[in-house]
Undergrad: 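Dropping a structure here in structure tokens format, bear with me for questions.
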Amino acid sequence: MTESAAPQPRPGNGPEPLTWSELDLLADWSVGELTGPDAARVTALVQADPRWAAARAALMQAEPLVRTSLHAAAAAPTTMPADVADRITSALVGGVAAPGSGDLTSATQRRAAPPRPGSTRPSPQRPPGRPAVPGRRRRWARVAGVAAGLALFVVGGGVALDALQYLERGINAASGDRSQAEGYAPPVPTAPLPAATSDRTDGTIPVAASGTDYQQDTLAQLAAVTPPVQPGFQGALNPGDPLGDFATIDRLDMCAAAVVASHGGKVLFADFARYEGEPAIVFLLREGTTSTVVAVGPNCGVSGAVDELAAVQVD
Amino acid sequence: VAGHRHWDGVDDADLLRAHVGGDRDAFGEVVRRHRDRLWAVALRTLGDREEAADAVQEALLSAFRSADRFRGESAVTTWLHRIVVNACLDRARRRQVRPVVSLADVTAVREPAAVEPDRDTAREVWQALDQLPAEQRIPLVLLEIQGYAVAEIAAMLGVAEGTVKSRCARGRARLAVLLGHLRAARDSDPGDGPLFAGNPTAPPGVGPSGSRSSEGGAA
């Protein structure tokens with residue numbers, strides 16, 4: 001093996017400096033990690049060769065200084081920033097049902113391929129090998145200015161389910177202070193609610209069942225006017241229903257978590273509806289002043305998949 | 001806070017078992033307990049905030065999904081660190097050109113009462129560490145900055161303890177040159193010239209071929 005640079009001639013008449021390879025050997029020897037003939041050879045060099053003797057002496061003097069420098073650099077404790085913690089928690093929530101599934105989109109991947117207005121936006125969490133459903137169009141659009149004057153019936157971050165709350169929900173519930181832990185009051189419905197046949201939802205995500213057949217150009221309506229909340233609606237779903245799998249709280253939560261992991265923000269609302277004629281759950285998310293409406297299909301939440309049909313961002 | 005109380009007295013291994021058994025909150029508590037140290041390891045070994053975030057996320061997802069394979073042969077924290085360290089090592093190896101470490105990122109979030117290190121010194125140290133091969137930088141950070149024992153680092157990296165000692169010794173020696181400590185040492189003995197030659201940032205591999213030690217045999 002060749003050195004990256006030749007030894008520099010020493011000014012004056014002194015010995016040639018050690019090469020980097022020799023320095024590695026000396027470092028190994030100094031901590032007793034050189035064995036056999038190599039150890040004996042270096043020992044002999046250190047005892048008899050002025051180059052090696054001087055280098056060893058210098059290294060012994062320098063080592064404490066290096067350690068001091070490293071310890072000084074370590075004096076500042078590092079805690080995981082909140083945004084990183086949130087992001088990782090969201091990713092974990094998105095992977096709740098995903099043992100063996102593909103990796104979630106990383107930050108660097110997201111940086112490389114941000115959603116583009118008007119462009120198709122495939123779900124990043126579709127299980128590997130799962131083909132797109134024929135006839136389903138994944139769409140992404142941005143509607144500017146719609147937010148102005150919106151009459152949201154569900155407002156405020158307190159309504160939202162964020163990923164950390166998801167993880168902490170059970171803990172808080174166990175403490176017996178569920179309503180405070182979840183931090184929201186149920187939104188006021190705008191129309192009489194149908195009677196619920198049972199209530200298997202914990203009400204964490206306000207749910208409606210408008211049955212609206214959303215289209216690409218009407219999706220943003222959910223950000224403007226939310227349909228009436230229907231507590232207990234999920235309990236009325238049957239396994240044979242197109243969205244019957246969402247009768248359980250867990251399944252809706254897993255789906256919501258996958259949507260959050262993909263789009264960010266917090267879930268404000270879910271509407272059991274249709275998208276271009278197909279059964280769909282339409283989520284309303286909020287991040288800062290931006291709302292996002294995402295329509296997902298019946299496979300949302302399976303192995304962390306979003307099963308996104310369309311999404312529209314509303315500024 | 002209630003959540004933390006909920007898990008008081010439950011050790012990491014039991015939390016992991018609960019996670020495998022279907023408890024949806026248990027792994028979150030494991031993450032909560034260890035995330036700061038895992039983050040520090042990733043940030044300080046990769047020197048890039050986004051890379052570190054990706055590495056930790058990737059590692060924790062892997063741990064989340066493979067928790068059923070944890071056999072309890074090491075502590076949960078060692079297991080988690082091993083996964084994170086390997087994710088960092090993979091990323092460091094894949095990276096062709098590493099960005100200069102950002103001191104602002106490395107030291108941005110501090111505990112209020114933390115002792116302020118000399119910023120110039122810290123910057124020099126991080127920049128010097130950034131020039132070391134990943135195989136030396138990672139164990140050195142774990143040993144000298146994060147304070148792990150050699151045996152723990154060996155378990156994390158899946159190498160012999162001697163290999164860890166060797167890599168750390170080589171890393172310290174190179175840092176001594178990069179930080180100018182060797183020069184300073186020699187300055188106290190005027191009349192001698194440079195002790196080491198070559199470019200430490202572009203060594204011919206991690207170690208010399210033919211050198212024995214844990215890294216390879218003698219020249």
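Values below: all heavy atoms of this structure, side chains included; hydrogens, waters and symmetry mates excluded. Chain naming here is simple, since letters A, B, ... match the order of the sequence lines and numbering starts at 1 in each.
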Undergrad: How far does CD1 of B:I145 sit from NE2 of A:H71, to the nearest 0.5 angstrom?
TA: 8.5 Å
Undergrad: Any chance you could measure A:E33, atom CD, to B:R170, atom CZ, to the nearest 0.5 Å?
TA: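 Answer rounded to 0.5 Å: 10.5 Å.
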Undergrad: Of the non-hydrogen atoms in B:R172 and A:V31, which two are nearest, and what is the gap between them?
TA: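 That closest heavy-atom pairing would be NH2-CG1, 3.9 Å.
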Undergrad: Under 4.5 Å between any side-chain heavy atoms of A:I88 and B:V56, yes or no?
TA: yes
Undergrad: When rounded to the nearest 0.5 angstrom, what is the spacing between OG in A:S69 and CG in B:L129?
TA: 10.0 Å
Undergrad: Does some side-chain heavy atom of B:W39 sit less than 4.5 Å from a side-chain heavy atom of A:V84?
TA: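 A side-chain contact under 4.5 Å exists here.
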Undergrad: With no hydrogens and no angle check, just 3.5 Å: does a side-chain donor-acceptor pair link B:S166 and A:D28?
TA: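 Indeed, the side chains of B:S166 and A:D28 share at least one donor-acceptor pair under 3.5 Å.
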Undergrad: List the steps, then state whether salt bridge (charged side-chain N to carboxylate O under 4.0 Å, His left out) holds for A:D24 with B:R167.
TA: CA-CA 9 Å; A:D24 284 340; B:R167 291 178 182 178; over 6 Å; no
Undergrad: Work out which heavy atom in A:M80 is nearest to a heavy atom in B:D36; give both atom names and the distance.
TA: N-OD1, 2.9 Å
Undergrad: Please report the interatomic distance CG(B:L179) to OG1(A:T68), rounded to the nearest 0.5 Å.
TA: 11.0 Å
Undergrad: Evaluate the side-chain proximity of A:R87 to B:D54: yes if any heavy-atom separation is below 4.5 Å, no if none is.
TA: yes
Undergrad: What is the distance from atom CD of B:Q57 to atom OG1 of A:T89, rounded to the nearest 0.5 Å?
TA: 10.0 Å
Undergrad: So, do A:L70 and B:L140 sit near enough that their side-chain heavy atoms are less than 4.5 Å apart?
TA: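 The answer is yes; the side chains approach within 4.5 Å.
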